[in-house]
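Following: one structure in structure tokens, then a few remarks.
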Amino acid sequence: MTEDDRERDRQLVVLARGGNEHAFEVLVRRHQDQTYRLALRMLGDRDDADDAAQEAFLQAWRGLESFRADAAFGTWLYRITMNECLRLLAGRRDTAELSVDIEDPGAGPEEMMAARQVVSAVKAGVAGLTPEQRAPWVLREVEGLTYEEIAEVLAVTVTAVKARLHRARLVIADAVRRAR
Amino acid sequence: MTALRPDSRLPCGTEVAHILERVADRQEPTAHQRGCPYCTAAWDELADLWVGVRAYADEEVFVPDGFVMKVMRRVRASSAASRREVGGHSSVARRRGWHALWRDELGELWIADRVVAAVVAQTLTEVEGFERIAGPGGIRVRVGRREVIVEVRVVLVYGQSVVDIVAAVQERVSERVQEVTGLLVVSLDVVVTGFAAGDSTRA
């Protein structure tokens, strides 16, 4: 996201705060991909991700007043989305195992099949992470955030981010290695 | 595949985890890691593992159909409910839009966008090199809760640096608006539409 994008977001937030729903709709369009992807990677289930992403935008709309004008809207939205995902995962933990969205590798040329198997192995590895490990892992590996941004999203220190990410990477590396 | 474990240490003393971190963060190997046969072997193997992670990360994710529509339906339902809660004067003002709202224990303060526009217009006359506001509607103001977006279309005096005049306009206007209304100018675009004075460069 460029500085121009951030500036445009800020202007849209100003308009949305004044009650302009069209401006908010533009924000939803601009950020729907990252929000839904984060929810899907955290929850591993399309319907749950759909619900969580919708809920995140609704909370953003209601909480626009608490958004600081000097912050990045994208980072703020990641934080809301992540909190919603962690809330859902905490509720799920008592009732069922973490769901995994592992597709059947299916048929196809040998190389493609191998690639799909590796991706499935990664997904299984992700499902094996605790929510606390999975959060920084997804933000880093999938969303490409910096350690500092992750710390902001998760409201923890950079040191804590590094420690959790480190454990998560060990788990993933091990899962992929064993699948081969 | 070798039995390389990510939580182990290589014969040269390097922790496998340390290499993993550099591979995952797309960093270059250290000088030792480049020269050491144990490290290069471990590096290659982990880089190979991480190809799967990259493939996973790059996998395209499609937002469900009608997602934006569903969100906006809930947003509209939510704001309709809050308008009912606020009621009375506030809801009337909100419908007209573009008024800033301050709320404390004592009451509410609303500022019309034209108040901000008046401050902008007055301030412009204090800037050297400014000639006049271009046409009707030359000042556009959008007021949020505590922030304001301003766009001004101006005609300048010919002969001075446009960049300097625009910079002066931005600085002076932001200061004055904040001083007078307490609102923060988050964006101030200046559109120069022409030059004044009897000159062939009139735009």
Side-chain angles (χ1 to χ4, degrees), chain A residues 7 10-11 13-21 24-25 28-29 32-33 35-37 40-41 46-47 49-50 53-58 61-62 64-65 69 115-123 125-126 138 140-144 147 162 165-166 169-174 176-180, chain B residues 1-7 16-18 20-21 23-26 45-46 48-64 67-79 82-83 93-95 97-101 113 142-149 184 186-187:
Chain A
E7 185 51 39
R10 270 193 281 271
Q11 296 182 2
V13 168
V14 170
L15 295 177
R17 239 184 232 187
N20 188 328
E21 286 159 7
F24 190 73
E25 182 169 342
V28 176
R29 287 189 193 284
Q32 58 175 330
D33 286 346
T35 304
Y36 178 73
R37 189 175 54 225
L40 181 63
R41 291 318 187 201
R46 291 192 172 83
D47 289 338
D50 191 2
Q54 283 186 44
E55 187 59 35
F57 277 117
L58 195 65
W61 168 254
R62 288 175 178 155
L64 275 176
E65 280 185 58
R116 282 202 212 116
Q117 270 165 359
V118 176
V119 171
S120 291
V122 175
K123 283 183 180 171
V126 174
V138 171
R140 179 72 194 150
E141 307 289 2
V142 181
E143 299 302 319
Y147 289 125
K162 283 185 178 162
L165 192 56
H166 178 71
R169 281 169 169 170
L170 293 183
V171 173
I172 299 292
D174 206 42
V176 180
R177 191 179 58 82
R178 276 188 285 110
R180 309 178 84 164
Chain B
M1 190 102 293
T2 62
L4 180 68
R5 290 195 48 84
D7 55 354
V16 175
H18 180 63
L20 174 61
E21 207 162 290
V23 168
D25 277 338
R26 299 173 200 253
E45 187 181 330
L46 290 171
D48 200 35
L49 288 184
W50 231 246
V51 168
V53 172
R54 303 263 186 265
Y56 166 84
D58 293 342
E59 219 180 33
E60 220 172 333
V61 165
F62 297 99
V63 177
F67 179 79
V68 176
M69 209 183 64
K70 281 186 282 183
V71 169
M72 291 315 294
R73 199 182 295 145
R74 294 177 67 180
V75 161
R76 278 188 284 270
S78 151
S79 39
S82 71
R83 265 199 297 273
R94 181 182 271 268
R95 261 204 299 283
W98 322 131
H99 294 63
L101 168 65
D113 49 9
R142 288 284 175 266
V143 179
R145 283 290 159 90
R146 305 246 161 138
E147 299 86 5
V148 56
I149 295 174
L184 181 68
V186 290
S187 165

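Not measured: the values here are computed from a predicted model. Convention: sequence-line order gives letters A, B, ...; per-chain numbering from 1.
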Hey, does the Lys NZ or Arg CZ of A/R41 hover above the aromatic six-ring of B/Y56, less than 6.0 Å from the centre and inside 45° of the axis?
-> yes
Which bit of A/E7 comes within less than 4.5 Å of chain B, counting heavy atoms only: side chain, backbone, both or neither?
-> side chain
Give the C-alpha distance, both sets of side-chain angles, the deciding distance and a yes or no for side-chain contact (heavy atoms from CB on, under 4.5 Å) between A/F24 and B/M72.
-> CA-CA 8 Å; A/F24 190 73; B/M72 291 315 294; 4.1 Å; yes
Basic-acidic side-chain contact under 4.0 Å: A/D174, A/R169 | no
What option among B/R74, B/R54, B/E21 has the most heavy-atom pairs under 4.5 Å with chain A?
-> B/R74
Note: vs chain B, highest number of non-hydrogen pairs under 4.5 angstrom among A/K162, A/R29, A/E143 is A/R29
Which one, A/D50, A/V138, A/V176, A/V13, leads in non-hydrogen pairs under 4.5 Å with chain B?
-> A/D50
Apply side-chain contact (heavy atoms from CB on, under 4.5 Å) to B/V68 and A/E25, showing your working.
-> CA-CA 7 Å; B/V68 176; A/E25 182 169 342; 3.9 Å; yes
Distance, nearest 0.5 Å, that separates CZ of A/F57 from OH of A/Y36 | 13.0 Å
With side-chain contact (heavy atoms from CB on, under 4.5 Å) as the test, would you mind laying out the steps for B/V148 and B/L184 before giving the verdict?
-> CA-CA 6 Å; B/V148 56; B/L184 181 68; over 6 Å; no
Under 4.5 Å from any heavy atom of chain B - which part of A/A121 | neither
Considering only heavy atoms and a distance below 4.5 Å, find which of A/V122, A/V142, A/D47 pairs most often with chain B.
-> A/V122
Turns out that what part of B/D58 lies under 4.5 Å from chain A's heavy atoms comes down to neither
